[in-house]
Amino acid sequence: MAINEKYTKPYDPSLYEKDIYAAWEASGYFNPDHLPGERSENFSIIMPPPNANGSLHAGHALFVTIQDILIRFHRMQGKKVLWQPGADHAGFETQVVYEKKLQKEGRSRFDMTREELYDEILAFTMENKSFMEGQIRDLGASCDWSRQTFTLDDKVVAQVKKTFAQLQSDDLLYRGLRSVNWCPKHQTAFSNLEIQHNERKDKFYYFQYGPFVIGTARPETKFGDKYVVMHPEDARYSEYTHGQEIEVEWINGPITATIIKDEAGDPEMGSGVMTITPWHSGIDFEIAQRHDLTYEQIIDERGKLMSIAQEFEGMPIMEARAKIVEKLDAKGLLVKVDDQYEHSVPMCYKCTRELEPQLKQQWFITMKPLAEKALAAIDSDCVHFVTDQHKKIALHWLNSIEDWNISRQIAWGIPIPAKICTDCDHGMVDLADAITTCEKCSGPVVQDPDTFDTWFSSGQWPFTTLNFPEGSEYKDFYPTSVMETGADILMFWVLRMIMLGIYVTGDVPFKDVYLHGLVRDKKGQKMSKSKGNVTAPSEVADVYGTDALRMGLTVGNTPGTNMNLDPQKIGAYKKFANKLWNISRFIYTNVETFDIASYDTEALSPASQKILQDFHVIKTDIADDLQHYRIHLASEKIYHYIWHTLADEIIESSKASLDDSATTDARQDAQYLLLTLLGESLRLLHPFMPFITEEIWKDFPSEDKDLLMVTRW
RNA sequence: GCACGCUUAGCUCAGUUGGUUAGAGCAUCUCGUUUACACCGAGAGGGCCGGGAGUUCGAGUCUCUCAGCGUGCACCA
């Protein structure tokens, strides 16, 4: 197309983006092995694998944009660059999405075998995965698709199991009866990080329990309470001795209660006396363990009372609570009710239902030794946090880390390679699938039905994707240059990658950590489907173009803080794309007779030399910004330069020199200056707005030019 | 309870190691425009940088404190 014809129309992204991406992909330059020229330095990013269970949202668009900017910048700096993409099976997350789908179809996972469910979710995930990959391409991501990894690929699963066994042999793994966070709806346990605490006002009941008054918000758990705990120093109860037995009248008749003196009893709290329910409270369980007490399950996995509750058996919690209070009141044991009791209750982060602590045999990782090495790495800046506030949060969490429950009672995930004894419940790690009898009691064994917490495998992602330990990728690119991901998964993912990376490979998985905040709507509200305020990247890109979307997500978006995304802002960068289009039209149509290769730069006027020097300063400044992850500043600077310096000043003042009445020297001086600045500006802007810059670059008069994406700065 | 943030123009936000007259986008107002571009240009108004104290030759930036807003972790008889 003739230059004037092409540029006469406003820039229309939809005419060019698909073809340009295809040209990039066909060039092979996404793959570090096929990059042109000598490249001594390496630069690498492992892409956080998006969940393969739905469409990309604005947060995905943000991380793809930030990472692509860094990748393209370093590639144009002449580095050997790997951006390793992936897709996440996202265990529990995906299973929840799929269960909703089942529900709509009038089905339930509890009517299916684990194998049937697994196969159906696998098919569902694979379909979504390819859909999602198309959306990442649409955003312009220059990642190496030839190395794409799925979190259930054989190599990943094999390494994850190996690590599990290694933890066992290093004595960092145990299977034990512990209080776990159990969701009665989803029928699985969660790690401590996955639970959400909600403030709530509830009734708080005081009951007469023998000579004591005890308080509780959960009367329905009290059937098995046969221990009375008080602080050993509490003078009010000095007449009672540890282990002393007393007869008390309780919900379903008289029981024998035992006095326990333990420092967990807080004299300041209520009467200073409490009864304990070890099966349904982590703290109570610890007390029970300290004193070797017995305990019993009161509430079943579905949230219903068990046979110990006698007449209340089978009732759901809330129904039982009211009736038990009624009965205790009738027996004259209800002392008072406080209905202004504020407390926070643990909820399932998915269904916002109350979690029920249950005692379960689960696999736990002993985290302290792993955390200590991570702390040292962060402290010494071997892992450098770009955002200082997240370094503080990381140190705080690692310093008070708790053991990690990695067992999940869901089908969609990596099966835990272990055998469980059906007689004594003893668990044995079994990578080779060779164990047939219990090592403790010689009883029969079955495969552990549970799967790993997704974050256990994700935590090993950097080195598994790079083919640890023998792969060339691992040798060339580990530790990777920077981990860029959402600040909301700092503890879930980033810190676990650091801990497991150091543990398995002996080295940190990445040198820098760059965390971005949430993308919210223009009013600062969290985007959600139910609110209808979701900005779908694909829809925005259709209206304004991908380049405009990328700029809108980038300019002024400080690392680590949330951003409010106003579509109007993206519209502003659509205007900018068109401005650049017209700048190019003006320059190209005015240099058609000019041969830049044969122009003698010695002849350049001092004024033009000064302009080029000024440009060089800006360019150095922008490069420095990008080296230091100041993407929000770099993008604004190049925007400002192109519009308000190149267009408003340099082009405007060049018009006189390009006029017919001007001398040949003056005209050539202006032509050289404008063409040079256009070429340079396209390079600088390319990482941010890759499509339009590549398209304009096609018309740049140069002998042996390659794609702009591999043109050096 | 422990910890981490935020507060700058009407709105959304930048402001890197303290250093000229505190910036941008959007919005508002005025003027201009047969042209590279109305997806335009020139210009204007608008800010005791949350309050107070301190360090300094100099503070939006550092320290302390108060207030408001937000977030994470933990606990909950």
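Here is how names work: the chains are called A, B, and so on, in the same order as the sequence lines, proteins then strands, and each is numbered from 1. The shown structure was predicted, so the numbers you read here are calculated from the model rather than taken from an experiment.
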Given protein heavy atoms under 4.0 Å, the one-letter contact record of nucleotides 72-77 of chain B, with B base, S sugar-phosphate only and - none, is simply B-SBBB

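Base contact: A:Lys579 has a heavy atom under 4.0 Å from a base atom. Residue A:Ala647 is classed as a base contact, given a heavy-atom separation below 4.0 Å to a base. Across all strands, A:Thr558 comes closer than 4.0 Å only to sugar-phosphate atoms, never to a base (heavy-atom distances). If you check every strand for non-hydrogen atoms under 4.0 Å, A:Asn562 touches nothing. Using a 4.0 Å heavy-atom cutoff across all strands shown, A:Asn564 reaches sugar-phosphate atoms only and no base atom.
Two residues, A:Lys392 and A:Glu652, neighbour RNA chain B, and the one matched to the more 5' nucleotide by heavy-atom proximity is A:Lys392.
With B:rC26, B:rA36, B:rC4 as the candidates, the nucleotide lying closest to the side chain of A:Lys575 is B:rC26.
Looking at A:Trp493, its side chain does come within 3.5 Å of a backbone N or O of A:Ser458 through a donor-acceptor pair.
Ring planes of A:Tyr514 and A:Tyr629: tilted class, angle from 30 to 60°.
For the contact set between residues 627-644 of chain A and RNA chain B, defined by any heavy atom under 4.0 Å, the members are A:Arg630, A:His632, A:Leu633, A:Glu636, A:Lys637, A:Tyr639, A:Trp643, A:His644.
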Fill in the dot-bracket string of RNA chain B, one character per base: . for unpaired, | for a pair to another strand, ( ) or [ ] for pairs within the strand, taking Watson-Crick or G-U pairs under 3.5 Å. (((((((..((((.....[...)))).(((((.......))))).....(((((..]....))))))))))))....

